[in-house]
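Below is one structure; the comments refer to it alone.
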Number of protein chains: 2
Amino acid sequence: MVRAVTLKDIARETGVHVSTVSRALDPRARDSLTDEVVARVTETAQRLGYRPNRLAAGLRTKRTKTVGLIIPDITNPLFPPIVRGVESVLEPAGYVSIIVNTDGRRDRERFQMQVLMERGVDGVVHAAVERDDPYFDDIRQQSLPIVTVNRALDFDGVPGIVNDEAAGITAMFRLLHDAGHRRIAHIAGPQQLSTGVERLEAFRAAARDYGLDVPEYYISRSEMFVFEEGYRCAEQLLSLAKRPTAILAANDRLALGAMRAIDDQGLSCPEDVSVTGFNDSDYLELIKPGLTTVRVDKTGVGQRAAETLIAMLENPEAERPKRIVMPIEAVTRESVAPPKAD
Amino acid sequence: MVRAVTLKDIARETGVHVSTVSRALDPRARDSLTDEVVARVTETAQRLGYRPNRLAAGLRTKRTKTVGLIIPDITNPLFPPIVRGVESVLEPAGYVSIIVNTDGRRDRERFQMQVLMERGVDGVVHAAVERDDPYFDDIRQQSLPIVTVNRALDFDGVPGIVNDEAAGITAMFRLLHDAGHRRIAHIAGPQQLSTGVERLEAFRAAARDYGLDVPEYYISRSEMFVFEEGYRCAEQLLSLAKRPTAILAANDRLALGAMRAIDDQGLSCPEDVSVTGFNDSDYLELIKPGLTTVRVDKTGVGQRAAETLIAMLENPEAERPKRIVMPIEAVTRESVAPPKAD
DNA sequence: TTGTATGCGTTATCAC
DNA sequence: GTGATAACGCATACAA
């Protein structure tokens, strides 16, 4: 930190008291002062290059205009656009964010939450929640405002901005079914994440709606939303006697892993096996075959999350939304084709 | 912010004075106290779940254990690994970072720097500097410790962690030359960035070393390191009467744009035109043909930058390094092939 | 070895 | 309308 211009300096310079300077610089208190004083103070502040010390203000007011942003891993391409969305709303409102990574580990989640509390964050945008984080009870008791984004908690009380998982999965299922597929397998996401369970449930529901009886061995559960797990699960599915003709993966990274596995087995996508993803990650348009997937508005969820949090901060009494579901869009590329005749 | 346990609470509970509690919790002051008191205080702190208020401490000590991290745009895949590198070093040292995006705009750079100063950051890791930022003079006078990463300033006094641009470009040039190319063009990066100029200089030097006379019209200057600019510059180069057989691009995104342009002209890479990039962005292994490029240790530069900054913070008197150059590695994939016979 | 007093920069609550 | 004063939570120089 660095010696900076303070209210005291301006007070000395203008010949008024510090508290007057403080008022003159506060839009809400300004009108109790003479226009002349306000003008002199603001001019001097400008001239001296005054910048408020947020630490001191925060110490006094208990509001730091800082929010925590908890994400699993910034190198996962899903999150940078969410982060930008959050910040695009925070910045004009005068907030900054402190970003912390959990790497999907619960102990780190708790630890990082403590780190944020030490810094006196006004609230938290949480993009790394697991369905049943037990420590959330504590958090709620401390009444620290939290909004989850992309994922949701199993219980209410914490607003969550999520995507329309059901619509997305249904759209992918329909695409595959319409192309003629009847042996459709699912690579499910981790079941401790809301996205994992909801997409699996939606898959089952879609199958039911289409009157398709999907055997249990057509559902392969991944441990994490990563390429390697997609590869592993796809290998399993492809080795089945009754090989599926299509794989509906719970996200893009799983889908990419599956595509690689298909390739490595001497098969090809989409001729032998069709594949779909979820998220529409940024770089997907560059790969071949283009992955048919569900586009989610990553920036949008981030923005909504930030807006929701700020609303909670500026108006603590207002009723909090429970869950905001954002619309999705199906993106058709080349990874889906009709199944080969048997 | 939320009502938390303070030193005062612990003092009341243990029957000693606040200052004693403060000392007992400070490793450097601890040894001036009775073991018994230290034990009682730490036990109580533990039990009550005490967490220091960093704002108050920072207000008092002028050190917040917070650093600013200025980047152009977190959605540019080059930066997340750098950010992780920085944080992997900051976190164990008890620091957090406030990340701000400049979008490559100077006015935003200044503004964000102000934002960081208001927050009392101890120092800044700057990944978005332009070569001759004029306001850097001010900054240096304020003696706010700064380290640049990935890019460098033209003048000394601010340590910079950079990659070995010359070695990277030379390696790509050699690959192309060894494959038989003699008509090698360059898509240069923006010349207000150190990476842009240094890679262009290195290109010229390499050509000289290989006794190749590269005409000026084989050098196409991009305005930004983006796909679209790579496309535009490549179109220019491909429309030349004496079409180059290889394009050495100043980074991966320019290279990808060039590949698309080649494709759109009915040509193919690498059969008709070879292409190389720089950075080895994360998703490159997924695209076809695989891009031959320069791998830079993104996490590594981030780590070194954080280490350097922390060293400056903890030991302000020590001499500061001027420039740290990190080694690179050539990555050979499929985008380079011998030129077609004329 | 421990307690007392003070101040970091700001804002809020009093007076005048 | 403006000034004086206290307090936020902590760290430290000084006393005892």
Side-chain angles (χ1 to χ4, degrees), chain A residues 1-42 44-45 48-66 94 117-122, chain B residues 1-42 44-45 48-66 94 117-122:
Chain A
M1 197 139 66
V2 150
R3 168 79 180 105
V5 180
T6 72
L7 293 184
K8 207 191 282 181
D9 298 320
I10 303 177
R12 194 182 320 106
E13 191 83 3
T14 52
V16 299
H17 195 267
V18 233
S19 59
T20 308
V21 177
S22 175
R23 279 187 280 250
L25 264 25
D26 178 359
R28 293 189 320 284
R30 223 202 292 283
D31 36 350
S32 74
L33 300 182
T34 328
D35 286 356
E36 192 270 327
V37 172
V38 173
R40 222 169 65 231
V41 168
T42 46
T44 316
L48 300 186
Y50 170 76
R51 299 259 100 200
N53 180 330
R54 302 269 184 181
L55 279 96
L59 184 60
R60 180 68 232 250
T61 62
K62 307 276 175 214
R63 308 206 55 230
T64 55
K65 289 268 197 174
T66 305
M117 306 268 287
E118 287 181 11
R119 254 66 194 196
V121 294
D122 295 335
Chain B
M1 197 139 67
V2 149
R3 169 76 180 106
V5 180
T6 72
L7 293 185
K8 207 192 280 181
D9 299 319
I10 303 177
R12 194 183 319 105
E13 190 82 5
T14 52
V16 298
H17 195 267
V18 221
S19 61
T20 308
V21 176
S22 175
R23 282 187 276 253
L25 262 25
D26 178 358
R28 292 191 320 283
R30 223 201 292 282
D31 36 350
S32 73
L33 300 181
T34 327
D35 288 355
E36 192 269 328
V37 172
V38 174
R40 220 166 68 229
V41 168
T42 47
T44 316
L48 300 185
Y50 170 75
R51 298 259 101 198
N53 180 330
R54 301 270 184 180
L55 282 117
L59 185 58
R60 177 71 233 253
T61 60
K62 306 279 177 208
R63 308 208 54 231
T64 55
K65 289 265 193 177
T66 305
M117 306 266 287
E118 286 182 12
R119 255 64 196 197
V121 295
D122 296 335

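Just so it is clear: chains get the letters A, B, ... in the order the sequence lines come, proteins before strands, and each one is counted from 1. Bear in mind that the values here come from a model prediction, so they are computed numbers and not experimental data.
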Euclidean distance, atom CG of residue A:Asp26 to atom C1' of D:dG1 [Å, nearest integer]: 15 Å
Stretch residues 29-40 of chain B: residues that reach within less than 4.0 Å of DNA chain D through a heavy atom: none
Nucleotide D:dG9, atom C1' - distance to CD1 of B:Ile10 in whole Å: 12 Å
For A:Ala11, side-chain contact (heavy atoms from CB on, under 4.5 Å) partners two or more places apart: A:Val18, A:Val21
Between D:dC8 (P) and B:Asp9 (CG): distance, integer Å: 11 Å
B:Tyr50 vs D:dG9: side-chain N/O to OP1/OP2 distance below 4.0 Å: no
Spatial distance of atom OG1 (A:Thr61) from atom CG (A:Asp122) [nearest 0.5 Å]: 8.0 Å
Side chain to side chain donor-acceptor pair (under 3.5 Å) partners of residues 17-29 of chain A, not counting sequence neighbours, each pair once: A:His17-A:Ser19, A:Ser19-A:Arg23
Integer-rounded Å distance: D:dG3 C1' and A:Lys8 NZ: 16 Å
Beyond-backbone contact of B:Arg119 with B:Thr66, side-chain heavy atoms, under 4.5 angstrom: no
Any residue meeting side-chain contact (heavy atoms from CB on, under 4.5 Å) with B:Ala45, in chain and number order, not counting sequence neighbours: B:Ile10, B:Leu25, B:Tyr50
Value rounded to 0.5 Å, distance of CZ in A:Arg12 from OG1 in A:Thr44: 12.0 Å
Closest contact, heavy atoms only, A:Leu59 versus B:Ala56: CD1-CB, 3.7 Å
Euclidean distance, A:Thr34 OG1 relative to A:Arg40 CZ, rounded to 0.5 Å: 9.0 Å
Sugar-phosphate only, base, or nothing, as touched by A:Leu7 at under 4.0 Å among non-hydrogen atoms: base
Contacts of A:Arg60 that satisfy salt bridge (charged side-chain N to carboxylate O under 4.0 Å, His left out) - sequence neighbours left out: none
Within 6.0 angstrom of B:Asp35 CG, more than 12 heavy atoms from elsewhere: no
Any residue of residues 18-25 of chain B with a heavy atom less than 4.0 Å from an atom of DNA chain C: B:Ser19, B:Thr20, B:Arg23
Euclidean distance, atom CD of residue B:Glu118 to atom P of C:dG9 [Å, nearest integer]: 15 Å
Set of side-chain contact (heavy atoms from CB on, under 4.5 Å) partners for A:Arg30, sequence neighbours left out: A:Pro27, A:Val38, A:Thr42
End axis versus end axis in the helix from C:dT1-D:dA16 to C:dC16-D:dG1, the angle rounded to 10°, five pairs used at each terminus: 50°
Atom pair distance, as rounded to whole Å: CZ in A:Arg54 and P in C:dT10: 11 Å
Contact under 4.0 Å: A:His17 side-chain N or O vs D:dA4 OP1/OP2: yes
Any residue meeting salt bridge (charged side-chain N to carboxylate O under 4.0 Å, His left out) with B:Glu118, in chain and number order, not counting sequence neighbours: A:Arg51, A:Arg54
Rounded distance in Å - CG (B:Leu59) to P (C:dT6): 18 Å
Minimum-distance nucleotide (side-chain atoms of B:Ala56 versus C:dG9, D:dC10, C:dT11): D:dC10
A:Asn53 CG to C:dC8 C1', straight-line distance once rounded to whole Å: 8 Å
Short side-chain N/O contact from A:Lys62 to OP1 or OP2 of C:dT11, under 4.0 Å: no
